[in-house]
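Within every chain, numbering begins at 1; the chains are lettered A, B, ... in the order of the sequence lines, protein sequences first and strands thereafter. Keep in mind the model is a prediction, meaning the values are calculated, not measured.
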Amino acid sequence: MRELIKMVVVLTVLAAFSGGLLAGLRNGTAAQIEKQQLEFVKGPAIKKILEGASNDPIADRFKILDGDVERNFFVGKFDGKVDTVAFESFGKGYGGDIGLMVAVKLDTDKIVGVEVTTHSETPGLGAMAKDDPGFSAQFKGFSITEPVKVTNDDGKVNAISGATITSRAVCKAATNAGNVYQKLKPQLSEKIKEFNK
Amino acid sequence: MAKTITQEFTKGLWAEIAPFRLVLGLCPVLGVTTTMENGIGMGIATTFVLLCSNILVSALRNIIPQKVRIACFIIIIATFVIVVELVMQAYAYPLFLKLGLFIPLIVVNCIVLGRAEAFAYKNGLLFSMADGLGIGIGFTLSLAALGGVREVLGTGTFYGASVFGPSFQPFEFMIQAPGAFVCLGLMLCIMNLFE
């Protein structure tokens with residue numbers, strides 16, 4: 001009996017201590033990790049889809065509270081006018097969430113470009129969503145207010161061969177982006193006006 | 001204990017160098033060694049986990065009950081692995097992007113659990129530290145050697161710097177999985193020739 005109690009106590013104390021330590025560390029590093037992601041993953045993606053912008057989209061960003069989620073928006077300035085926002089949305093892929101950076105032109109509601117940011121898809125198959133520029137190029141010009149689908153689901157996007165789940169997830173992420181965009185459009189327009197002042 | 005601390009440390013560098021002599025922990029050995037930088041990064045991460053888990057297991061060896069020792073070891077090891085993962089994400093993000101998948105797998109690296117069970121649980125703090133550090137550095141050296149050979153042959157660079165110039169046609173085979181097995185086999189063969 002004494003042995004049993006000892007086992008339970010030791011395991012409990014050890015697990016509690018480890019949980020506490022990790023929670024503390026996670027809080028401590030969260031800001032730094034976000035900064036690194038911005039620099040190495042989101043940064044290049046944003047630069048790519050907002051190519052030709054005369055401002056620095058990573059510096060010109062703002063946050064909007066959507067329910068209890070805080071969303072980051074990056075703005076792009078073209079021909080002297082801020083009219084494009086880029087933001088990240090997610091879709092459930094084969095190996096977890098796929099992050100998709102979507103840039104939308106505000107006056108036309110059209111997608112300017114998309115780029116996969118974070119993913120854990122199979123190299124050579126699902127990972128092609130990020131590695132093959134031809135795939136993400138298809139999204140250009142789609143209206144953000146309509147759901148995006150692959151050709152198998154009567155949509156317009158040609159799926160990557162052998163990676164239908166990944167292709168669907170990217171489409172889902174784009175559709176989610178559309179929902180967020182429509183919901184937050186009034187606030188977005190307000191913020192953009194401030195940038196154009 | 002007939003052995004000295006120095007002996008416990010140096011055995012990990014040659015006599016019991018983990019991937020080659022014990023052929024343990026092969027998943028990261030074969031998986032991440034496409035370049036030397038990846039190999040060294042993975043080696044350092046594993047060394048850190050190994051050292052910390054050895055220290056803690058050794059310090060707590062009189063408290064941890066025999067029957068739940070493996071569970072306790074895994075908690076300790078997993079904690080340090082997540083510490084490594086978070087710190088690497090925060091301060092070495094490009095390396096994390098390359099090694100990402102393999103960092104959580106250090107938890108099930110049999111070298112780490114093996115040293116906790118076979119050494120740290122039975123030996124004092126200083127000896128366990130020497131053992132963990134020695135085995136860890138040996139592991140890092142093995143990964144660096146394997147990564148170096150595969151990088152030179154597979155991409156024609158050494159630690160990122162070009163070796164053979166632009167006209168070199170790399171053996172792409174070497175940076176793929178079968179190349180890892182062939183390379184490991186040849187290195188084992190060379191090591192046995194030395195004996």
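With contacts defined as side-chain heavy-atom distances shorter than 4.5 Å, the pair A/T29/B/Q89 does not qualify. A/S18 is not listed as a side-chain neighbour of B/I76, based on a closest heavy-atom distance of 4.5 Å or more.
Looking at A/L14, both its backbone and its side chain come within 4.5 Å of chain B, counting heavy atoms on both sides. Both the backbone and the side chain of B/Y91 come within contact range of chain A, judged by heavy atoms closer than 4.5 Å.
Expressed to the nearest 0.5 Å, how far CZ of A/F17 lies from CD1 of B/I75 amounts to 12.5 Å. The CE atom of B/M88 sits 12.0 Å away from atom CD1 of A/I33, with the distance rounded to the nearest 0.5 Å. Between atom CG of residue B/L86 and atom CD of residue A/Q32 there is a gap of 12.0 Å, rounded to the nearest 0.5 Å. Taken to the nearest 0.5 Å, the CG atom of A/L11 stands 13.0 Å off from the CZ atom of B/R69. The structure places NZ of A/K6 at 12.0 Å from NZ of B/K67, a figure rounded to the nearest 0.5 Å.
Under the 4.5 Å side-chain heavy-atom criterion for ILVMFWY residues, a single connected hydrophobic cluster contains both B/F102 and B/F139. Linking Ile, Leu, Val, Met, Phe, Trp and Tyr whenever their side-chain heavy atoms come within less than 4.5 Å puts B/V108 and B/V83 in one cluster. Cluster annotation: A/L38 is not connected to A/F90 through the hydrophobic network of ILVMFWY side chains, with a link wherever side-chain heavy atoms come within less than 4.5 Å. When the side chains of ILVMFWY residues are joined at heavy-atom separations under 4.5 Å, either directly or via intervening members, A/V112 and A/I46 end up in two distinct hydrophobic clusters. Under the 4.5 Å side-chain heavy-atom criterion for grouping Ile, Leu, Val, Met, Phe, Trp and Tyr, A/F135 is not connected to A/L125 through any hydrophobic cluster.
If you check the side chains of A/E39 and B/Y93, you find no donor sitting under 3.5 Å from an acceptor.
At most 12 heavy atoms of other shown residues, nucleotides or ligands fall within 6.0 angstrom of atom CZ in B/F181. Other residues, nucleotides and ligands contribute more than 12 heavy atoms inside 6.0 Å of the CD atom of A/Q182. Annotation: A/Y94, atom OH; neighbour count of heavy atoms from other residues, nucleotides and ligands within 6.0 Å does not exceed 12. The environment of CG in A/N27 is crowded: more than 12 heavy-atom neighbours from other residues, nucleotides or ligands sit within 6.0 Å.
Chosen from B/A90, B/A92, B/P94, the residue pairing most often with chain A at heavy-atom distances under 4.5 Å is B/A90.
Closest of all the heavy-atom pairs between B/V68 and A/M7 is CG1-SD, 3.6 Å. Minimum heavy-atom separation, A/V10 to B/I63: CG2-O, 3.8 Å.
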